[in-house]
2 protein chains.
Amino acid sequence: MTKQSPIVGNVSSDGAFDVVFKALADPTRRALLDALVVADGQSLSGLCDRFPEMTRFGVMKHLAVLASANLVITQRDGRSKRHFLNAVPIQQLADRWIGKYAQPFTRSLVDLKHAVEQTA
Amino acid sequence: MTKQSPIVGNVSSDGAFDVVFKALADPTRRALLDALVVADGQSLSGLCDRFPEMTRFGVMKHLAVLASANLVITQRDGRSKRHFLNAVPIQQLADRWIGKYAQPFTRSLVDLKHAVEQTA
DNA sequence: ACGATAGGTGACTGTTTAGTCACCTGTCAA
DNA sequence: TTGACAGGTGACTAAACAGTCACCTATCGT
């Protein structure tokens, strides 16, 4: 029995965005992204220095999740490895997903306000 | 030992967005949001009809998570309860968070492409 | 008042996921 | 070549979460 089945036919243009959402859901991973904003192309140990509260393995695992979501791109540089932030998935998410919700429903929210006021 | 501590001083203007990210991370909850897009202001049982694979309690729990993230607004209507989609947190997320990442780093990505090509 | 229906609550269970560890591989400098 | 350093892997443990349940409260039609 699948736990997170599609439930209805086509839920949305989802699926591909799921890994991105899940990767973004963790504050630690967003902090990692922030660290790459400050200085892009950092190595693993460089990132570890910025996060003394996290072990190297913790950083590595979160980085792996971000990489699987295509939010960071890695590049070997001798014996170190550089990590670059890739904003493309975030941009796609904003374009396709957020636009789908935010635009048509700011109006709908206003309608709700009226409905609530009338009932209250 | 805190597991998800702030790690560095100020990670970002995060914190308030965490619940929104976490709520959006689940595909089931996004499907619930989609159902409200199709027909806003549905009752719990109405929503349950749209998700026969989920029990009433499952729908209710997900709805509670969405409500705590302020993504759905509820309104009592006699013995039923209407659920309205609130796009404001999504819009805020797009404005403050995504803009912060997506805009300055599409350029940075291009730089990365050059770096990768030169190394390869 | 009565039963039926809509919604709500608390505790329990199984799965997932984050965090940690010992150990391994590859690269650089001497 | 050899030691030191940067990164990687697999298994293990603990906490978080989704899913489920029996039971409860409130409202409607009669």
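Distance B:Leu32 CG to D:dA18 C1': 14 Å, rounded to the nearest Å. With rounding to whole Å, A:Arg82 atom CZ is found 14 Å from D:dA6 atom C1'. Across the protein-nucleic acid pair, B:Gln75 atom CD and D:dT27 atom C1' stand 16 Å apart, rounded to whole Å. Atom CG in A:Asp26 sits roughly 17 Å away from atom P in D:dA15 (whole-Å rounding). Nucleotide C:dT5 holds its P atom 19 Å from the CG atom of B:Asp77, rounded to whole Å. Distance, A:Phe51 CZ to C:dT20 P: 14 Å, rounded to whole Å. A straight line from NZ of A:Lys22 to P of C:dT16 spans 11 Å, rounded to a whole angstrom. Between A:Gln42 atom CD and D:dA6 atom C1' the separation is 15 Å, expressed in whole Å.
The line from NZ of B:Lys81 to OG of B:Ser43 is 11.5 Å long, rounded to the nearest 0.5 Å. Atom OH of A:Tyr101 sits about 13.5 Å away from atom CG of B:Asn86, to the nearest 0.5 Å. For the atom pair CG (B:Asp34) and CZ (B:Arg50), the distance works out to 10.5 Å, reported to the nearest 0.5 Å.
Taking 4.0 angstrom as the limit, B:His62 places a side-chain polar atom (N or O) nearer than this to OP1 or OP2 of D:dG19. Not one side-chain nitrogen or oxygen of B:Thr55 sits closer than 4.0 Å to the OP1 or OP2 atom of D:dG19.
Pairing each heavy atom of B:Lys22 with each of A:Ala25, the nearest pair is NZ-O, 3.5 Å.
Contacts of B:Arg29 with the nucleic acid, taken as non-hydrogen atoms under 4.0 Å apart, involve only primed sugar atoms and P, OP1 or OP2.
A salt bridge is defined here as a Lys NZ or Arg NE, NH1 or NH2 lying under 4.0 Å from an Asp or Glu carboxylate O, and B:Arg82 with B:Asp40 fails to meet this definition.
Of the candidates C:dA6, C:dG26, C:dT17, the closest approach to any side-chain atom of B:Ser80 belongs to C:dA6. When the nucleotides D:dG7, C:dA18, C:dC28 are ranked by their closest atom to the side chain of A:Ser45, D:dG7 comes out on top. Counting only heavy atoms from C-beta on, B:Arg79 has its side chain closest to C:dT5 among C:dT27, D:dA18, C:dT5. Among C:dG7, D:dA6, C:dA18, the nucleotide with an atom closest to any side-chain atom of B:Ser43 is C:dG7.
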*Start with the C-alpha distance between B:Gln92 and B:Val20, add both sets of side-chain angles, then the distance that settles side-chain contact (heavy atoms from CB on, under 4.5 Å), and finish with yes or no.*
CA-CA 10 Å; B:Gln92 290 179 334; B:Val20 181; over 6 Å; no

Pull out every protein N or O sitting under 3.5 Å from an N or O of nucleotides 8-10 of chain C, one pair per line with the distance.
{"unit_1": "C:dG8", "atom_1": "OP1", "unit_2": "B:Lys81", "atom_2": "NZ", "d": "2.7"}
{"unit_1": "C:dG8", "atom_1": "N7", "unit_2": "B:Arg56", "atom_2": "NH1", "d": "3.3"}
{"unit_1": "C:dG8", "atom_1": "O6", "unit_2": "B:Arg56", "atom_2": "NH2", "d": "3.1"}

Under 3.5 Å, which donor-acceptor pairs link side chains of residues 59-70 of chain B to any protein atom two or more places apart or in another chain?
{"unit_1": "B:His62", "atom_1": "ND1", "unit_2": "B:Arg29", "atom_2": "NH1", "d": "3.2"}
{"unit_1": "B:Ser68", "atom_1": "OG", "unit_2": "B:Val65", "atom_2": "O", "d": "2.7"}

